[in-house]
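Small disclaimer: the values here were computed from a predicted structure and weren't measured.
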Amino acid sequence: MQRQSTSAPPREEGRPRAAVVRDLQIPEFITVAHLAELVSVSPIDLMKQLMRAGIMASINQAIDYKTAAAIVPGYGYRPLPAVEAARSARVEEKAEDPSLLQERPPVVTVLGHVDHGKTTLLDAIRKTQVAEREAGGITQHIGAYQTEYEGHRITFLDTPGHEAFTAMRARGANATDIAILVVAADDGVMPQTIEAINHVKAANVPIVVALNKVDKPEADVERIKRQLTEHGLLVEEWGGDVVAVPVSAKARTGIEDLLENILVVAEVAELKANPNRPARGVVVEAKLDKSRGPVATVLVKNGTLNVGDHIVVGNVRGRVKALVNDAGRRLKSAPPSTPVEILGLNDLPQAGDILEAVANEREARALVESRLQQQGAVRRHVSLEDVVNRIRTGESKELNVILKADVQGSVEAVREALGRLATDKAQVRIVHAASGAITESDVFLAVASEALILGFNTTIEPSARRVADAEGLEVRFYNVIYTMVEEIQDLLEGMVKPVARDVVEGHAVVRVVISRSRQAKVAGCQVSDGRITRGAMIRVLRKGQVLYDGPIQSLRRFQEDVREVGTGLECGIVLAKFDDFQEEDVLEAHRQEQPQTAGR
């Protein structure tokens, strides 16, 4: 209990006592811990006061100015808005004075199907075109590098694939100016090629197609161009606007032609930035180095980053101790479109996090607290309510959908059925459609393109489920095509009916199948995550496909019936109408949560 002045009026136990009034500047957003420090009380006391005001906040959670201003008078402070700090907490890309803008190098990402030569092409460009290294320079892989062609620099992002490309976009980082789509001329358009096309089109980024392996006897360039047309990419020779360049990464032919075309596309895009302003960039990758601590590879998008700058990267702050380029050389500054490794952060950021250079440590703290608050309050996902409201108000004319089904035949059937749905107000736009389970890549694409995910006779990977839950993303599952069509039709007409939400409780992997006379087969399982409860429904998944969905008949541990089995424990499961188990099958426990109980 806090001490009371003998002259103070009676007060409720535990409540703060107003004393001498002093001015206290409070930023737009501030964490509970920081506010407690400013008013010289323990965070626990402050949390209690917030609870009395009906606000549940943890020690590291950010609260807004209005909430903080209502609390601090009780501790003897007069709240004042910290204008300067609040302004710094809203650092955004602002309209630049055209006279200050200068041409900057294009940023290029290379995407394509596995084994189509993406890595070989990057190596060919790097070895033949990168400016000569200084003596003693150490070449290193930092996830991004620059090459030079005819006096112009080009920045390449060496991302793992379209998943990373879209994951960055999902976090609000549009790092890429041009995408190179690598297609092997002897193989053609493959599933990952289609995924890459859909991801790049959703990002509205210009595409340059690199027709690789044209030196092989079985190469058929015209066939590839026809296949590209089927997926909305019409090459220039056929009257379209997509540049297609024949190359051989292995023989290193056509590389100069490819680079020249990249520069042409960049010239049309008129890529410019203002180097004479505080830096703004995006994290390409981050790692923890044993000797150097947290290291982030950052692409500077605007402004110039200097050694000694105070920076905020995502929710991490620090001061730049060193800038290192892909040649291993230390730089004093990094202008727009330059990729560099940064040393000096106090923690590890995430790929796709936004970097901001600020004036001092105080502004850095204010910006971090602003972002913490925004993370809790702002979501870039789409809910059914959002969709309906946009359609009703006429704000949206399209419903973006990502479709995953069990087999390709189902994909085509559902795509055709959804394609026929159109009202005066809106129509369905298929952003991406493929067979198989819903993956993290699908979820990131849905977040980036503000789409709903529809699953038909398929399931969602556990990692993708975690990302979807974290983003609050709408994922709906169906096993009857007519049900799906009816619900989407209602949605387009703005008449969404509340439906039960599918909640996954846990997964178990079949380790052994036990056959018993006069009894159904028993699946000897180990719970890999979550829990398995006796009242749950079970989906049997084999290589991503749903074989069965029904109730548990028996759940046992060591011959005893149990109500629940937790993560890491073994159990025996018998299903009511399924016993065709195989080792490594995944049993997914789930339940239906009714709309009125959702979110409780």
Side-chain angles (χ1 to χ4, degrees), residues 109 111 159-176 179 191-192 194-205 231-232 350-352 375 378-391 395-406 410-411 414-415 418-419 421 426-478 484 487-488 491-492 496 499 501-504 544 598:
T109 300
L111 306 168
T159 65
H162 57 264
E163 295 91 344
F165 171 84
T166 304
M168 293 174 73
R169 283 190 57 244
R171 297 189 181 104
N174 295 315
T176 304
Q192 283 184 327
I194 299 170
E195 281 195 50
I197 291 172
N198 292 333
H199 283 237
V200 175
K201 286 167 69 175
N204 197 27
V205 173
H231 296 282
Q350 294 184 349
Q375 281 185 355
V378 179
R379 290 286 188 185
R380 301 184 68 239
H381 69 274
V382 175
S383 67
L384 283 179
E385 185 179 354
D386 294 332
V387 173
V388 174
N389 288 337
R390 290 181 186 180
I391 292 173
E395 179 185 344
S396 176
K397 295 293 184 182
E398 288 184 330
L399 168 63
N400 290 339
V401 165
I402 291 173
L403 172 65
K404 296 301 287 285
D406 52 349
S410 298
V411 173
V414 175
R415 181 200 284 270
L418 293 179
L421 296 180
Q427 62 183 7
V428 177
R429 173 175 171 255
I430 306 292
V431 176
H432 176 61
S435 59
I438 297 165
T439 65
E440 277 190 54
S441 173
D442 298 321
V443 174
F444 282 130
L445 178 57
V447 174
S449 57
E450 297 189 332
L452 301 180
I453 298 181
L454 305 180
F456 183 75
N457 278 339
T458 190
T459 185
I460 183 170
E461 294 180 355
S463 58
R465 169 73 72 176
R466 287 192 291 272
V467 175
D469 288 344
E471 294 290 343
L473 187 73
E474 187 80 31
V475 182
R476 311 193 86 179
F477 296 92
Y478 304 89
M484 174 189 287
E487 288 193 6
I488 301 302
L491 195 153
L492 291 176
V496 178
V499 295
R501 187 168 71 94
D502 188 71
V503 177
V504 175

Task: Euclidean distance, S463 OG relative to I438 CD1, rounded to 0.5 Å - done: 11.5 Å
Task: Any residue meeting side-chain hydrogen bond (donor to acceptor under 3.5 Å, both in side chains) with S410, in chain and number order, not counting sequence neighbours - done: D406
Task: Closest approach of S449 to V431 (non-hydrogen atoms, all atoms of both residues) - done: OG-CG1, 4.0 Å
Open item on the list: Taking the side chain as everything from C-beta on, heavy atoms only, tell me whether E195 gets closer than 4.5 Å to H432.
Closed with: yes
Open item on the list: Run the side-chain hydrogen bond (donor to acceptor under 3.5 Å, both in side chains) test against T458 and tell me which residues pass, sequence neighbours left out.
Closed with: none
Task: Under 3.5 Å: donor-acceptor pair, side chain of K404, backbone of G455 - done: no
TODO: Give the minimum heavy-atom separation between L111 and A196, together with the two atoms involved.
DONE: CB-CB, 4.1 Å
Open item on the list: As an exercise, state the distance from CD of E450 to CG of L473, rounded to the nearest 0.5 Å.
Closed with: 11.0 Å
Open item on the list: Return the CZ to CE distance between F477 and M484, rounded to the nearest 0.5 Å.
Closed with: 10.5 Å
Task: Under 3.5 Å: donor-acceptor pair, side chain of K201, backbone of H231 - done: yes
Open item on the list: Please find the pair of heavy atoms, one from A468 and one from V475, that lie closest to each other, and give the distance.
Closed with: CB-CG2, 4.2 Å
TODO: Hey, could you give me the CD/CG distance between E487 and L421, rounded to the nearest 0.5 Å?
DONE: 12.0 Å
TODO: Determine whether L454 and I488 make a side-chain contact, defined as any pair of heavy atoms from C-beta on separated by less than 4.5 Å.
DONE: yes
Open item on the list: Evaluate I460 against I453 for side chain to side chain contact (heavy atoms under 4.5 Å, CB included), listing each step before the verdict.
Closed with: CA-CA 10 Å; I460 183 170; I453 298 181; over 6 Å; no
TODO: Applying side chain to side chain contact (heavy atoms under 4.5 Å, CB included), name anything that partners I430, two or more places apart in sequence or on another chain.
DONE: V401, R415, L418, V428, A433
TODO: Mind listing the closest non-hydrogen atom pair of S435 and V411 along with its distance?
DONE: N-CG2, 3.7 Å
Task: Value rounded to 0.5 Å, distance of CG in L403 from OH in Y478 - done: 11.0 Å
